[in-house]
> 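Pasting a structure below so you can have a look.
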Amino acid sequence: MDSWTKSLPDTIEAGGYVTLNSVPVEGASVVFAPVDGKYAATGVTNSSGYFELKAFPSKSGAVPGNYKVGVMQTVQFDDSGKAFDPGEDSEHHDAATASVGWKNALPDRYKSPETSGLTASIPDGGTTEIKIELMP
């Protein structure tokens, strides 16, 4: 472990689940912004809606504390406004004429920890059962 990594605060295992209307959300970015303003943590959900938090590139886990939470699921869409999966839809789209962009697939209020109204606490012993339940 290098000296920079050694100087970082201790982290503990932290993770949980993101659902929208009780359905797991896959591919969402989860941001934990610390209430005390010190060490944020981020994660990405898998197909079960599960995420693991990481506060530092060189260390896994998060710093215990209280957080405001933001969740965003960026999806690609075509010029008709429909979600676009390049792997599945490429044969059905003319790449030269199609206009493709990006948007948040979740309700906008959740994209920022400051506006989401979502909070979470990570205890000193860690947790892998944080529940983030989103509503439409």
> Rounded to the nearest 0.5 Å, how far apart are CZ of R109 and CG of N104?
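Reported value, rounded in 0.5 Å steps: 11.0 Å.
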> Specify the closest pair of heavy atoms between S47 and P24, including all atoms of both residues, with the distance to one decimal.
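Closest heavy-atom pair between S47 and P24: O-CB, 3.9 Å.
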> State whether the side chain of K59 and the backbone N or O of P9 hold a donor-acceptor pair below 3.5 Å, judged by distance alone.
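Side chain of K59 to backbone of P9, a donor-acceptor pair under 3.5 Å: yes, one is there.
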> Within a 6.0 Å radius of atom CD on E52, are there more than 12 heavy atoms belonging to other residues, nucleotides or ligands?
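No, the 6.0 Å shell around CD holds no more than 12 heavy atoms from other groups.
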> Within a radius of less than 6.0 Å around CG of N21, do more than 12 heavy atoms belonging to other residues, nucleotides or ligands occur?
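Yes, because the 6.0 Å sphere around CG of N21 holds more than 12 heavy atoms from other groups.
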> When you group the ILVMFWY residues by side-chain heavy-atom contacts below 4.5 Å and let the links chain together, are Y17 and Y110 in the same group?
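Y110 does not cluster with Y17.
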> side-chain contact (heavy atoms from CB on, under 4.5 Å), that's the test. Do L53 and I122 meet it? Break it down for me.
CA-CA 10 Å; L53 291 172; I122 300 175; 3.8 Å; yes
> Looking at K54, I'd like to know if its NZ atom is crowded, meaning that more than 12 non-hydrogen atoms belonging to other residues, nucleotides or ligands lie closer than 6.0 Å.
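Enclosed.
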> Fit a plane to each ring of F51 and F32, take the angle between them on a 0 to 90° scale, and name the class: parallel (under 30°), tilted (30 to 60°) or perpendicular (over 60°).
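F51 and F32: tilted rings.
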> Mind checking whether V71 and V25 have side chains closer than 4.5 Å, heavy atoms only?
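They are not in side-chain contact.
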> Go through the steps to decide whether K38 and V63 satisfy the test side-chain contact (heavy atoms from CB on, under 4.5 Å), and finish with yes or no.
CA-CA 9 Å; K38 290 191 178 179; V63 177; over 6 Å; no
> Would you say M72 and L106 make side-chain contact, with heavy atoms under 4.5 Å?
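Side-chain contact under 4.5 Å: no.
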> Within the distance-only criterion (no hydrogens, no angle test), does the side chain of T11 pair as donor or acceptor with the backbone N or O of S60 below 3.5 angstrom?
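Yes; at least one donor-acceptor contact below 3.5 Å.
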> Return the minimal non-hydrogen interatomic distance between A62 and A14, and the atom names on each side.
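Looking at all heavy atoms of both residues, the shortest contact is CB-CB, 4.1 Å.
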> Transitively linked via ILVMFWY side-chain contacts under 4.5 Å: L118 with V31?
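Looking at the clustering, V31 is in a separate group from L118.
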> Just how far is it from atom CG of N46 to atom CD of E26, taken to the nearest 0.5 Å?
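One gets 7.0 Å once the value is rounded to the nearest 0.5 Å.
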> Out of curiosity, does I12 fall in the hydrophobic cluster containing V69 (side-chain heavy atoms, cut-off under 4.5 Å, transitive links)?
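Looking at the clustering, I12 is in the same group as V69.
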> Any donor and acceptor pair, going by atom type alone, linking the side chain of S48 with main-chain N or O of Y50 inside 3.5 Å?
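It does not hold such a pair.
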> Kindly say whether G27 contributes a backbone atom to a donor-acceptor pair with the side chain of T45 at under 3.5 angstrom?
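A pair under 3.5 Å: yes.
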> Working to the nearest 0.5 angstrom, can you tell me the gap between D36 CG and Y67 OH?
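Here the rounded value is 7.5 Å.
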> Could you tabulate the donor-acceptor pairs under 3.5 Å formed by side-chain atoms of residues 126-136, not counting sequence neighbours?
unit_1 : atom_1 : unit_2 : atom_2 : d
T127   : OG1    : E129   : N      : 3.1
E129   : OE1    : K131   : NZ     : 3.1

